[in-house]
Amino acid sequence: MRFSRTVAAAILSLVILVLPFALSAQSKPAGSDADSAAIKKTCGDFSESFTHHDAHAVAMTFAADADFTNMRGIHSNGRADIEKWFSGLFTGNLKDSVRTDTVRSIRYFSPDLAAVDLDTVITGTKAADGSVGPARKGLMAVVMVKENGHWFIGTFHESEYPATRPGPANGAAGDSTK
């Protein structure tokens, strides 16, 4: 009986020592409300700078060594390269565009690293003939990094949703049984 109590006490002590570590390993890092607000502000600054066609301001929302991949898979690395890319867009088919990005979710991996999904809408994109194309909708997925107390875009990937085709399921007239 005395042996059982000793073993039970040892096991209980071990559980008490290990339990906090086990629970913390299972919990997800949580960002503060201030971090979430700062991430949303950086994403908003990106959208606003894009809409004002300010390539330098767009690039400043990125970390110095950031990676950017657009909807077509074209890659840029670092602020200077990202600024150069956007400068070309803003004198080309996106010179009259307006961009809106809405944060869908933020997931923290550490106090200085978060994944963010955003819904994207770009209007005013010019076709080769100068006509304005339909609104472009898609998903922007970024990894945000906190450097010196400020959140920056570390990795940026976006994908464009396929254009909705006319048909019965999308509100157009027609017979889907043919």
Side-chain angles (χ1 to χ4, degrees), residues 28-31 35-110 112-147 150-172 176:
K28 295 177 187 170
D35 283 323
S36 294
I39 286 172
K40 289 176 182 179
K41 182 176 180 340
T42 299
C43 294
D45 290 348
F46 170 82
S47 298
E48 185 176 329
S49 299
F50 185 104
T51 295
H52 288 111
H53 311 110
D54 184 341
H56 179 71
V58 165
M60 293 308 296
T61 63
F62 286 82
D65 62 346
D67 286 302
F68 168 84
T69 306
N70 76 351
M71 292 179 176
R72 293 192 172 118
I74 297 170
H75 179 260
S76 299
N77 178 255
R79 279 189 187 136
D81 199 23
I82 291 167
E83 182 174 348
K84 182 179 175 184
W85 171 256
F86 279 99
S87 290
L89 291 177
F90 295 151
T91 58
N93 70 326
L94 294 179
K95 67 182 175 183
D96 297 321
S97 62
V98 173
R99 183 181 184 120
T100 305
D101 296 305
T102 306
V103 172
R104 180 191 293 186
S105 67
I106 301 173
R107 180 174 182 211
Y108 292 91
F109 293 100
S110 75
D112 299 331
L113 185 68
V116 183
D117 284 348
L118 302 98
D119 291 314
T120 297
V121 178
I122 301 173
T123 59
T125 302
K126 301 278 180 148
D129 66 1
S131 65
V132 177
R136 299 166 59 198
K137 297 179 181 180
L139 175 68
M140 179 171 130
V142 297
V143 174
M144 302 291 292
V145 293
K146 190 175 186 182
E147 298 175 350
H150 185 80
W151 286 96
F152 294 97
I153 299 168
T155 303
F156 178 111
H157 293 273
E158 63 183 345
S159 56
E160 189 169 1
Y161 299 139
T164 304
R165 292 192 278 181
N170 297 314
S176 63

Task: Listed partners of Ala135 passing side-chain contact (heavy atoms from CB on, under 4.5 Å), at least two apart - done: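 In terms of side-chain contact (heavy atoms from CB on, under 4.5 Å), with neighbours along the sequence ignored, Ala135 is linked to Val121, Thr123.
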
- [ ] Could you pull out all residues at least two apart from Ser131 that satisfy side-chain contact (heavy atoms from CB on, under 4.5 Å)?
- [x]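 Testing Ser131 for side-chain contact (heavy atoms from CB on, under 4.5 Å), a comparison that skips the adjacent residues, returns Ala127, Asp129.
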
Open item on the list: Applying the side-chain contact (heavy atoms from CB on, under 4.5 Å) criterion to Cys43, which one of Asp101, Leu118, Ile153 satisfies it?
Closed with: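 Checked Asp101, Leu118, Ile153 against Cys43; only one passes side-chain contact (heavy atoms from CB on, under 4.5 Å): Leu118.
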
Open item on the list: For a quick test of reading the model, state the closest non-hydrogen atom pair linking Gly124 to Val132 and the distance between them.
Closed with: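 Distance-wise, the nearest heavy atoms are CA-CG1, 3.8 Å.
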
Open item on the list: Give me the atom names and distance for the closest heavy-atom approach of Leu94 to Thr125.
Closed with: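 Shortest heavy-atom separation between Leu94 and Thr125 comes out as CD2-OG1, 3.3 Å.
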
- [ ] Taking salt bridge (Lys or Arg N to Asp or Glu O under 4.0 Å) as the test, write out the residues that go with Asp65, two or more places apart.
- [x]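 Applying salt bridge (Lys or Arg N to Asp or Glu O under 4.0 Å) to Asp65 gives none.
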
Task: Whether His53 and Phe90 hold their rings parallel, tilted or perpendicular, with breakpoints at 30° and 60° - done: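 Correct class here is perpendicular.
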
Open item on the list: Tell me whether the rings of Phe62 and Phe46 are parallel (<30°), tilted (30 to 60°) or perpendicular (>60°).
Closed with: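 If you compare the ring of Phe62 with that of Phe46, the planes turn out perpendicular.
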
Open item on the list: Applying salt bridge (Lys or Arg N to Asp or Glu O under 4.0 Å) as the test, list every pair that has at least one member in residues 36-55; sequence neighbours left out.
Closed with: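 Checked against salt bridge (Lys or Arg N to Asp or Glu O under 4.0 Å) - neighbours excluded - the pairs reaching residues 36-55 are Lys41-Asp45.
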
Task: Summary of salt bridge (Lys or Arg N to Asp or Glu O under 4.0 Å) pairs that have at least one residue in residues 133-147, sequence neighbours excluded - done: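 Residue pairs passing salt bridge (Lys or Arg N to Asp or Glu O under 4.0 Å), neighbours aside: Asp35-Lys146, Arg136-Glu160.
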
Open item on the list: Test of understanding: with ring pair (Phe, Tyr, Trp, His ring centres under 6.0 Å), list the residues that count as partners of Phe152, not counting sequence neighbours.
Closed with: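 Applying ring pair (Phe, Tyr, Trp, His ring centres under 6.0 Å) to Phe152 gives His150.
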
Task: Spatial distance of atom CG (Leu89) from atom CZ (Phe50) [nearest 0.5 Å] - done: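 Interatomic distance, Leu89 CG to Phe50 CZ, rounded to 0.5 Å: 6.5 Å.
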
Task: Distance, nearest 0.5 Å, that separates CZ of Phe156 from CD1 of Ile82 - done: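 The distance works out to 9.0 Å.
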
Task: Donor-acceptor contact present, side-chain Asn77 to main-chain Ala66, <3.5 Å - done: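 Yes.
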
TODO: Mark yes or no for whether Thr51, through its side chain, and Arg99, through its backbone, hold a donor-acceptor pair below 3.5 Å.
DONE: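 Confirmed, Thr51 side chain pairs with Arg99 backbone.
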
